[in-house]
Amino acid sequence: MTPKETVLQALSHYRGDNTLCAMSAFKNCTPAQMREQYGQSGETRAQILAGYLEHDKRVDAAIAWIRACP
């Protein structure tokens with residue numbers, strides 16, 4: 001495995017599956033439930049999901065940047 005492939009694999013693992021898990025867990029929630037605090041997180045379901053989506057966006061940008069490197 002090349003160093004570039006190692007970095008891409010590490011970023012893929014860092015991206016994780018939190019977004020998919022949250023989407024699955026919250027898929028039947030009403031808009032009102034999405035605005036309620038979730039557990040003891042101190043955040044609403046919508047905030048949790050938004051955080052995971054932002055994380056994915058940053059990691060995807062890093063992956064694209066690495067892929068563009070020679």
Side-chain angles (χ1 to χ4, degrees):
M1 183 176 287
T2 68
K4 185 175 183 175
E5 291 169 333
T6 301
V7 170
L8 289 170
Q9 184 178 27
L11 284 169
S12 177
H13 287 286
Y14 178 61
R15 187 179 195 277
D17 64 352
N18 289 334
T19 302
L20 293 175
C21 290
M23 290 175 80
S24 178
F26 302 155
K27 69 181 174 188
N28 294 320
C29 292
T30 65
Q33 289 171 317
M34 291 298 289
R35 292 188 299 270
E36 294 173 353
Q37 182 175 324
Y38 184 68
Q40 296 181 11
S41 68
E43 295 182 312
T44 66
R45 289 171 177 89
Q47 289 170 321
I48 291 168
L49 185 55
Y52 289 148
L53 290 168
E54 181 59 32
H55 170 79
D56 289 354
K57 184 178 172 182
R58 289 190 313 268
V59 175
D60 289 345
I63 289 171
W65 183 76
I66 292 294
R67 284 189 175 143
C69 293

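Without hydrogens or angle criteria, Gln37 side chain to Gly39 main chain gives a donor-acceptor distance under 3.5 Å.
No chain of hydrophobic side-chain contacts below 4.5 Å, direct or via other Ile, Leu, Val, Met, Phe, Trp or Tyr residues, connects Met1 to Leu8.
Between Val59 and Leu11 the shortest heavy-atom distance is CG1-O, 3.4 Å.
Counting only residues at least two apart or on different chains, no salt bridge (Lys or Arg N to Asp or Glu O under 4.0 Å) pair has a member in residues 23-35.
Rounding to the nearest 0.5 angstrom, the gap separating the CZ atom in Arg58 from the CD atom in Glu54 is 5.0 Å. One finds the CE atom of Met34 at 8.5 Å from the CD1 atom of Ile48 (value rounded to the nearest 0.5 Å).
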Just distance, no hydrogens or angles: give the donor-acceptor pairs under 3.5 Å from side chains in residues 12-23, sequence neighbours left out.
residue, atom, partner, partner atom, Å
Arg15, NE, Asp60, OD1, 2.7
Arg15, NH2, Asp60, OD2, 3.2
Thr19, OG1, Tyr52, O, 3.3
Thr19, OG1, Asp56, OD2, 2.5

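Take Glu43 and apply the salt bridge (charged side-chain N to carboxylate O under 4.0 Å, His left out) test, not counting sequence neighbours, and it matches no residue.
By the 6.0 Å contact criterion, NZ on Lys4 is enclosed, its count of non-hydrogen atoms from other residues, nucleotides or ligands being greater than 12.
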